[in-house]
Amino acid sequence: MHTNMHTITLDSETDFDGWRKAARRLAQNEVKPADVTWTVRGGEPELFAAEDNLPEAAEGTFNVSAKFVELAKAAILHRNPERFALLYRLLWRLRSHHGLLNAATDPDVAAVSAMARAVHRDEHKMHAFVRFREVGREQKSYFVAWFEPEHHIVELAAPFFASRFADMPWSILTPDVCAHWDGHEITITPGVAKSEAPGEDRLEETWRRYYASIFNPARLKVKAMQTEMPRKYWRNLPEASMIKPLIESAERSTSAMIANEATEPHKPQKRQDTPMAPKQAHDTIAALREQAADCRACPLWKNATQTVFGEGPQTASIMMVGEQPGDKEDIAGHPFVGPAGQMLDRALEEAGIDRRKVYVTNAVKHFKFVPRGKVRLHQKPSTPEIRACRPWYERELAAIEPELVVALGATAAQSVLGKVTPINRNRGRLIDHDGTKVLVTVHPSYLLRLPDADAKAREYRHFVDDLKIAAALLGQSANAA
Ligand code: URA
């Protein structure tokens with residue numbers, strides 16, 4: 001019996017290529033899942049290498065679907081030690097049962113899918129909760145963060161930080177592995193103990209001061225604050241230590257604010273060159289909307305009537321992103337309720353998408369305009385304004401976790417994909433961006449502006465066709481679920 005057993009030792013917890021190579025070889029040699037033990041090298045390769053007994057390469061190949069590869073690449077990052085065996089069993093069964101991945105109630109498919117989802121959730125959490133601290137001085141400064149991921153997601157999540165903080169050298173330290181960015185490439189090194197992460201410092205002070213400055217005691221909801229920032233995350237967030245003193249002084253500050261309002265004339269507000277509100281765990285859209293109401297991350301708030309935040313169910317499978325609220329939206333306080341919104345509603349309906357099930361938002365959440373007599377003329381938001389507003393989009397994305405983001409027009413595409421993205425070259429196909437599926441298409445107001453009726457009709461059809469891709473994608477996953 002022992003001769004039939006195979007022990008496979010992978011190079012690391014995230015060694016997908018090693019697993020894939022071994023799994024192929026095992027399956028080609030008809031080695032049953034029950035006859036394989038999977039382990040991970042413990043840092044001393046030579047001690048374990050001798051135990052491996054991968055069968056010889058065999059003739060013939062077999063193909064697995066891209067869908068399986070995508071699922072397996074995510075699930076293998078789960079911390080469950082059974083994942084390698086589970087994935088091999090699924091691969092084994094897929095050879096004779098090609099449609100198996102669509103059988104969502106199958107226990108192996110359900111388990112692997114749940115693992116992949118947990119990994120992606122953890123990746124989003126890491127994007128939202130990593131806090132860098134500045135170490136070193138002036139020209140030589142360096143940014144370091146400590147994070148404890150639930151799963152083996154550091155390598156998966158690191159490119160996000162490399163593009164987001166491209167200009168600053170950083171390290172993210174975790175107990176599993178560490179990721180480092182020198183401005184050119186990401187390097188992965190072994191994990192470290194928490195004691196190696198730097199403590200108090202200047203950046204932390206900045207965050208604290210900022211948190212105190214945006215904290216509005218008149219809106220204090222202790223319970224909501226505590227549930228939205230679970231204790232688990234408090235220890236990594238500098239702003240958490242501000243909560244208690246802020247709560248304690250809230251009552252006094254509230255009466256002071258009321259007195260100030262009654263006696264002081266309105267002064268023009270100074271621009272604050274501060275980062276925007278700190279991110280919190282399990283943001284609800286309602287909580288985000290409330291925070292965004294006071295956003296001062298760019299100057300657009302000064303002339304706009306109000307912040308127009310996203311709207312729609314938190315469980316939405318589609319998140320639709322426009323450019324910025326227009327004149328009507330600015331007054332109503334709701335996205336896409338003016339002429340462009342009506343055009344969007346019509347196209348969605350034709351594509352078979354129920355707008356009530358879509359989360360609709362904008363890349364920039366304040367109306368930018370120049371006054372011309374009685375009219376307020378729309379102006380395109382600038383790149384700094386798009387960047388300043390992007391954290392709200394990120395937090396909406398983390399809260400909704402949609403299956404698909406639809407970017408309407410160039411500003412939305414720039415915000416969603418993090419870079420200027422030509423619409424015509426990229427529209428109408430699914431783009432994978434940091435683990436999120438994105439569909440780029442035109443903005444409905446582009447259709448409204450076309451002077452020629454034929455062109456308008458043609459472009460409208462093209463727009464509806466793009467939206468049908470979203471409908472088809474969701475139709476598919478609805479069948480699979
Ligand atoms: N255009 C947009 O991009 N968003 C709106 O909410 C309205 C018009």
Side-chain angles (χ1 to χ4, degrees), residues 285 288-289 292-293 295 298 300-301 303-313 316 318-349 351 353-372 375-390 392-397 400 402 404-417 420-423 426-427 438-450 456 459-460 462-464 466-467 470:
I285 292 300
L288 288 177
R289 180 176 298 115
C295 185
C298 82
L300 293 183
W301 65 275
N303 296 325
T305 308
Q306 57 193 313
T307 307
V308 180
F309 207 68
E311 282 182 359
I318 304 185
M319 180 164 168
M320 225 156 236
V321 185
E323 182 191 71
Q324 60 164 337
D327 182 71
K328 293 266 185 322
E329 288 80 12
D330 171 74
I331 292 162
H334 304 288
F336 280 104
V337 291
Q342 283 159 19
M343 174 73 91
L344 179 64
D345 286 353
R346 208 179 107 206
L348 280 172
E349 197 180 327
I353 297 172
D354 183 349
R355 169 156 174 183
R356 289 167 307 178
K357 295 192 178 149
V358 176
Y359 183 81
V360 178
T361 191
N362 283 299
V364 172
K365 290 175 172 57
H366 281 111
F367 179 35
K368 182 176 180 182
F369 62 93
V370 280
R372 283 280 177 276
V375 181
R376 303 190 296 172
L377 282 185
H378 161 276
Q379 283 208 302
K380 199 172 146 42
S382 67
T383 294
E385 287 152 359
I386 297 169
R387 281 212 192 112
C389 215
R390 191 169 194 269
W392 291 120
Y393 160 72
E394 283 164 19
R395 294 171 70 183
E396 288 173 296
L397 185 68
I400 307 274
L404 177 71
V405 173
V406 180
L408 302 169
T411 300
Q414 182 178 349
S415 175
V416 168
L417 298 171
V420 173
T421 304
I423 301 300
N426 294 286
R427 71 184 295 183
V438 176
L439 177 71
V440 169
T441 185
V442 293
H443 192 284
S445 59
Y446 156 72
L447 306 173
L448 290 172
R449 284 196 304 268
L450 286 172
K456 204 176 209 147
E459 283 299 309
Y460 176 75
H462 196 170
F463 180 51
V464 172
D466 285 350
L467 295 179

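Indexing begins at 1, ligand by ligand and atom by atom, following the structure's order.
- From the protein, the heavy atom lying nearest to atom 4 (N) of ligand 1 is Asn362 OD1, 2.7 Å.
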Query raised in the report: After noting the C-alpha distance and the side-chain angles of Ile285 and Leu288, does the key distance pass the side chain to side chain contact (heavy atoms under 4.5 Å, CB included) rule?
Result: CA-CA 5 Å; Ile285 292 300; Leu288 288 177; 4.2 Å; yes

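- Regarding atom 5 (C) of ligand 1, its nearest protein heavy-atom neighbour is Gln324 O, 3.4 Å.
- Annotation for ligand 1: atoms under 4.0 Å from non-hydrogen atoms of Gly322 are 3 (O).
- In Lys456, the NZ atom is crowded: over 12 heavy atoms of neighbouring residues, nucleotides or ligands sit closer than 6.0 Å.
- Counting the atoms of ligand 1 from 1 in the order shown, those under 4.0 Å from a heavy atom of Glu323 are 2 (C), 3 (O).
- Taking 4.5 Å as the limit, some side-chain heavy atom of Lys380 sits within range of a side-chain heavy atom of Glu323.
- The one candidate from Thr441, Val406, Leu439 that meets the side chain to side chain contact (heavy atoms under 4.5 Å, CB included) condition with Met320 is Val406.
- Evaluation of the ring pair (Phe, Tyr, Trp, His ring centres under 6.0 Å) rule for Phe336 yields His443 as partners, not counting sequence neighbours.
- In terms of protein heavy-atom proximity, atom 6 (O) of ligand 1 is closest to Phe336 N, 2.8 Å.
- Contacts between Glu329 and ligand 1 below 4.0 angstrom, taking non-hydrogen atoms only, involve the side chain exclusively.
- For a threshold of 3.5 Å applied to N or O pairs, the pair formed by Ala340 and ligand 1 contains no separation below that value.
- The distance from ligand 1 to the heavy atoms of His443 drops below 4.0 Å at these ligand atoms: 1 (N), 2 (C), 3 (O).
- Phe367 is listed as a side-chain neighbour of Asp327, based on a closest heavy-atom distance under 4.5 Å.
- Residue contacts with ligand 1: His334 is excluded, as none of its non-hydrogen atoms falls under 4.0 Å.
- Side-chain atoms of Leu344 and Leu408, non-hydrogen and from C-beta on, do get closer than 4.5 Å to each other.
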